[in-house]
Structure formats: C-alpha cells, structure tokens
Amino acid sequence: MRLTTFLPLLAVFPVQVFASWGDRSKDFQYCLSRCETVECVVQEPVPLSLSLRLTRWTCSDNCKYRCMHEITARDIALGTKVKQYYGKWPFWRLGGVQEPASVAFSLLNFLAHVKGASRLRREISSEHPMRIYYLLWAFASMNTWIWSSVFHTRDTPLTEKLDYFSAAFTILFSLYFCVIRLLHLYTKPRSRLILSNDLPRSWSWILWTSICIFAFVCHITYLTLLPRFDYVYNIIFNSVVGMTHNLLWLVYSFPASISLIRRFPSRPKTYRPPFVSRAAILVLFTTAATGLELFDFPPWGQIIDAHSLWHLSTALIAPSWYQFLVDDSRDESWREHRT
C-alpha cells in the first residue's frame with residue numbers, strides 16, 4: 001500500500017527548503033540576474049515554447065532552469081559536487097515536465113491501482129462487507145498518483161498541496177479500513193440498514209469514522225491556514241498514521257501461538273491461513289522500498305533519482321497488495337459470516 005511504512009515518509013513528503021546551496025551561490029544569482037535582465041525585463045520578453053506555456057512556466061522560471069543546468073554542466077566537467085537548487089536536484093525537463101521519471105512512475109502506480117480496482121470488482125463478492133472499503137481505497141490511491149504526476153510535472157504551491165493532501169487522505173484511509181477490517185467494525189450485509197440489530201458495532205464504526213474525518217479536516221486546515229507550509233509536522237502526521245497502519249498488519253500476521261486479534265469472523269484467534277504471513281512480507285518490502293530515500297543521490301543522467309526509483313518500486317509492490325486483499329476476502333470464514 002502506498003506510503004505506509006515504518007520509516008518516515010520522506011518519499012511522499014520531502015522537507016523542501018526555500019533555499020539550497022546551489023541557488024544561494026553567487027554564480028547562480030549572477031547568471032539568473034543576467035538572464036532575467038536580457039530575456040525578461042524588456043519590452044518584448046523572449047517567447048517561451050508552447051509546452052512551457054501550457055505547463056505554466058514563466059520567463060523567470062526558465063532562467064532559473066537554464067542557469068541551474070549551466071552551472072551543473074560546469075560542475076560535472078570540473079568534477080565538483082552537483083548542487084541542489086530550491087530543494088531539488090537538477091533534472092532535465094521533457095517539454096514542460098520538470099521530473100519526467102517521477103511523472104512516468106507515478107502514472108505507472110496509477111495504472112497499477114486501476115487494474116487493482118478492476119480486480120477487486122471482479123473477484124470480491126458484492127456481499128463482502130469490506131469490498132466497498134477496498135474499492136474506495138483504490139480510488140483514493142488513483143487520485144493520489146494523478147496529483148503526484150501533476151506535482152512532478154510542475155511544482156507550484158497549489159500542486160504541492162494537492163499532492164500532499166491527496167497522499168495524506170490515502171494514508172489515513174489505509175489506516176481507516178485496516179482498523180475496520182481487523183477490529184471487525186463492519187456490519188453484515190443483511191443488517192447494514194438496521195443499525196439496531198448491531199448497535200455496539202455500528203456506534204464503534206460511527207466513532208471511528210468521525211475520528212478519521214475530524215483528523216483529516218484538522219490536518220489540511222492547519223496546513224492551509226499557516227503562512228508557510230509546515231513540512232516537519234506533515235512528515236510526523238503521515239509517519240505516525242503509516243506506522244500505526246503497518247503495526248496493525250504485522251499484528252494480523254503474528255503466528256497462531258501469539259495471536260492478539262481474531263483475524264476472521266466466526267473463527268478463534270488461533271485460526272491463521274497460510275496467506276496471512278504475506279501481509280508482513282509486503283509491509284517489509286514497502287519499508288525497504290521507502291529506504292531508497294535514505295540513499296539520496298544526484299540523478300543518474302539528470303533523470304533518475306532515488307525518489308523516482310521509490311515510485312517505481314511502489315508500482316511493482318501494489319499488485320501484490322491487491323492479491324493479498326483478494327485472498328483475505330476469499331477465506332471461507334467470510335461465507336460463514338454471511339449466513
């Protein structure tokens with residue numbers, strides 16, 4: 001599942017600084033001032049290409065890009081360390097796309113969740129109490145990866161917030177349906193419209209749903225009303241939610257001898273089908289994938305960096321999560337639950 005790991009979620013919520021070593025340098029500032037004077041601060045600014053205009057680049061933005069690569073080319077030729085600019089490595093753009101590899105891999109994740117949602121609809125019975133939650137999570141993930149691709153196409157304050165808020169919603173929704181699944185807060189299909197038949201569970205569901213909605217509204221309100229985006233808080237919020245989600249799936253995967261929860265309805269705690277262990281394996285794979293962010297390095301060929309590789313790895317892991325959810329929903333105990 002996207003971004004729910006034990007490590008801080010730096011891949012989704014990078015702490016971007018407003019000035020980096022590269023854009024603070026005298027060489028960059030001189031180049032930028034010269035470019036803007038010649039090409040922007042004139043009666044007839046140099047026209048931008050159609051692709052740059054469509055992706056809302058300005059003359060000043062284009063000067064920053066050109067100066068960044070001019071100095072980066074010089075650094076590479078001299079064998080000196082490649083610098084970051086405005087909190088990012090220097091990437092070659094494709095048309096108006098700032099980070100082509102991250103955009104491509106974000107769209108690959110989107111496709112993985114489209115296929116996953118199709119599989120959920122096809123292979124999980126419409127009577128299964130968790131089917132609607134899994135589908136909503138798939139749609140939330142699709143939305144997240146669309147905005148991720150938009151953000152990596154063009155980094156602006158608006159696209160940044162849409163990416164971060166969408167990702168936060170998906171992470172929180174992952175925890176939301178995980179708690180409903182593992183603590184059995186869902187209701188039987190036959191009694192969904194008759195809350196009085198299952199009052200304690202229904203009120204538990206209402207309370208848990210209200211908590212999650214309140215947490216998300218407070219989260220985006222706080223980040224929106226601040227004069228400057230609080231990246232540290234954003235990381236902490238999503239890390240705590242993601243870690244809690246992962247811990248629950250690890251508890252689900254515990255051996256039968258130390259089971260802490262009743263994994264399946266109408267079955268004892270010791271009931272543990274073989275596929276249960278895959279949840280822990282997937283959590284560990286996702287954690288390892290996020291670990292790519294710890295090996296941050298200048299992009300290979302100024303195209304592929306650790307962040308884009310992280311996006312690629314999550315696209316490869318996502319189908320296995322869908323396979324696990326389908327296997328979990330097919331367990332015989334669910335049929336007994338519906339009788």
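By convention here, the first residue in the shown sequence is residue 1. All of these numbers come straight from a predicted model, not from anything done at the bench.
Between Phe216 and Tyr176, the gap from one ring centroid to the other reaches at least 6.0 Å. Between Trp249 and Phe324, the ring centre distance stays below 6.0 Å. Ring to ring, Tyr186 and Trp334 are close: their centroids are under 6.0 angstrom apart.
Tyr30 OH: 12 or fewer foreign heavy atoms inside a 6.0 Å radius. Residue Arg56 qualifies as open at atom CZ: its count of foreign heavy atoms under 6.0 Å is 12 or below. Other residues, nucleotides and ligands contribute more than 12 heavy atoms inside 6.0 Å of the CH2 atom of Trp89. For Phe285, the CZ atom is loosely surrounded, since the number of other residues' heavy atoms within 6.0 Å does not exceed 12.
Taking 4.5 Å as the limit, some side-chain heavy atom of Tyr164 sits within range of a side-chain heavy atom of Tyr231. Within the 4.5 Å cutoff, the side chain of Val114 has no heavy atoms near those of the Trp145 side chain. Residues Tyr271 and Arg262 fail the side-chain proximity criterion, which asks for heavy atoms closer than 4.5 Å. Between Asn234 and Asp230, the closest side-chain pair of non-hydrogen atoms is not below 4.5 Å. Counting heavy atoms from C-beta on, the side chains of Tyr134 and Asp328 come closer than 4.5 Å. Trp321 has its side chain within reach of Thr286: a pair of non-hydrogen atoms, C-beta onward, lies under 4.5 Å apart. Considering only heavy atoms from C-beta on, Phe91 stays 4.5 Å or farther from Tyr65 through its side chain. No side-chain heavy atom of Met68 sits less than 4.5 Å from a side-chain heavy atom of Tyr86.
In this structure, Lys88 pairs ionically with Asp155, as a charged nitrogen and a carboxylate oxygen lie closer than 4.0 Å. At a threshold of 4.0 Å, the pair Arg93-Asp61 does not count as salt-bridged, since none of the basic side-chain nitrogens sits closer than that to a carboxylate oxygen.
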Practice problem: Apply side-chain contact (heavy atoms from CB on, under 4.5 Å) to Thr144 and Phe173, showing your working. | Solution: CA-CA 12 Å; Thr144 293; Phe173 196 86; over 6 Å; no
Quiz item: Going through the distances and angles, do Ser174 and Trp137 end up as a side chain to side chain donor-acceptor pair (under 3.5 Å)?
Solution: CA-CA 7 Å; Ser174 298; Trp137 170 73; 3.0 Å; yes
Quiz item: side chain to side chain donor-acceptor pair (under 3.5 Å) between His307 and Glu99: does it pass, once the steps are laid out?
Solution: CA-CA 10 Å; His307 185 74; Glu99 301 174 49; 5.6 Å; no
Quiz item: Should Val150 and Leu162 be marked as a side-chain contact (heavy atoms from CB on, under 4.5 Å) after you check the CA-CA gap, both sets of side-chain angles, and the distance that decides it?
Solution: CA-CA 9 Å; Val150 171; Leu162 289 170; over 6 Å; no
Quiz item: Passes side-chain contact (heavy atoms from CB on, under 4.5 Å), His152 versus Gln98? Steps please.
Solution: CA-CA 6 Å; His152 288 298; Gln98 285 182 280; over 6 Å; no
Self-check item: Verdict with reasoning, Thr58 to Ser60, per side chain to side chain donor-acceptor pair (under 3.5 Å)
Solution: CA-CA 5 Å; Thr58 64; Ser60 179; 4.9 Å; no
Exercise. Apply salt bridge (charged side-chain N to carboxylate O under 4.0 Å, His left out) to Arg263 and Asp331, showing your working.
Key: CA-CA 11 Å; Arg263 280 175 274 246; Asp331 188 79; over 6 Å; no
Exercise. Could you check Arg131 against Arg121 for side-chain contact (heavy atoms from CB on, under 4.5 Å), going step by step and ending with a plain yes or no?
Key: CA-CA 8 Å; Arg131 184 176 188 265; Arg121 288 195 297 265; 3.6 Å; yes
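A distance of 10.5 Å separates OG in Ser166 from CD1 in Ile146, rounded to the nearest 0.5 Å. Summarising the geometry, atom CG belonging to Asn143 is positioned 11.5 Å from atom NE2 belonging to His113; distances are rounded to the nearest 0.5 Å. Here the straight-line distance linking atom OH of Tyr322 with atom CD1 of Ile124 works out to 10.0 Å at 0.5 Å rounding. Atoms CG and CG, from Leu248 and Leu260 in turn, are 11.0 Å apart once rounded to the nearest 0.5 Å. In this structure, Leu175 CG and Thr244 OG1 are separated by 6.0 Å, a value rounded to the nearest 0.5 Å. Atom CD1 of Ile76 sits about 12.5 Å away from atom CD1 of Ile71, to the nearest 0.5 Å.
Judged by a 6.0 Å distance limit and a 45° cone about the ring axis, Arg181 is positioned over the six-membered ring of Phe264.
The shortest heavy-atom contact between Val103 and Ser149 is CG2-O, 3.5 Å. Heavy atoms only, all atoms of each residue included: His311 and Ser148 are closest at NE2-OG, 3.8 Å. Annotation for Ser141 and Thr170: closest pair OG-CG2, 3.5 Å, computed over non-hydrogen atoms. Shown here for Leu172 and Val241, the closest heavy-atom pair between the two residues is CA-CG1, 3.8 Å. Of all heavy-atom pairs between Lys83 and Pro90, the closest is O-CD, 3.3 Å. Of all the heavy atoms in Trp92 and Gly301, the pair that sits closest is CD1-O, 3.4 Å.
Less than 2.5 angstrom separates the SG atom of Cys63 from that of Cys35. Taken as a pair, Cys31 and Cys67 meet the criterion of an SG-SG distance shorter than 2.5 angstrom.
Each of Ser257, Ser259, Ser277 was compared with Arg272 under the side-chain contact (heavy atoms from CB on, under 4.5 Å) criterion, and only Ser277 meets it.
Judged purely by atom type and a 3.5 angstrom limit, Ser329 uses its side chain to pair as donor or acceptor with the backbone of Val326. Thr80 places a side-chain N or O within 3.5 Å of a backbone atom of Asp75 that can act as its donor or acceptor partner.
By the rule that hydrophobic residues join a cluster once side-chain heavy atoms approach within less than 4.5 Å of another member, Ile213 and Ile220 end up as members of separate clusters. Linking ILVMFWY residues whenever their side-chain heavy atoms come closer than 4.5 Å, directly or via other members, leaves Val179 and Phe214 in distinct clusters. Clustering ILVMFWY residues whenever any of their side-chain heavy atoms sit less than 4.5 angstrom apart, transitively, puts Met130 in the very cluster that holds Phe275. Residues Trp205 and Ile261 are members of one and the same hydrophobic cluster, defined by side-chain heavy-atom contacts under 4.5 angstrom among Ile, Leu, Val, Met, Phe, Trp and Tyr. Hydrophobic clustering of Ile, Leu, Val, Met, Phe, Trp and Tyr side chains at less than 4.5 Å, counting indirect connections, keeps Val82 apart from Ile304.
Between Asp305 and Ser308, the side chains place a donor N or O and an acceptor N or O closer than 3.5 Å (distance only, hydrogens not considered).
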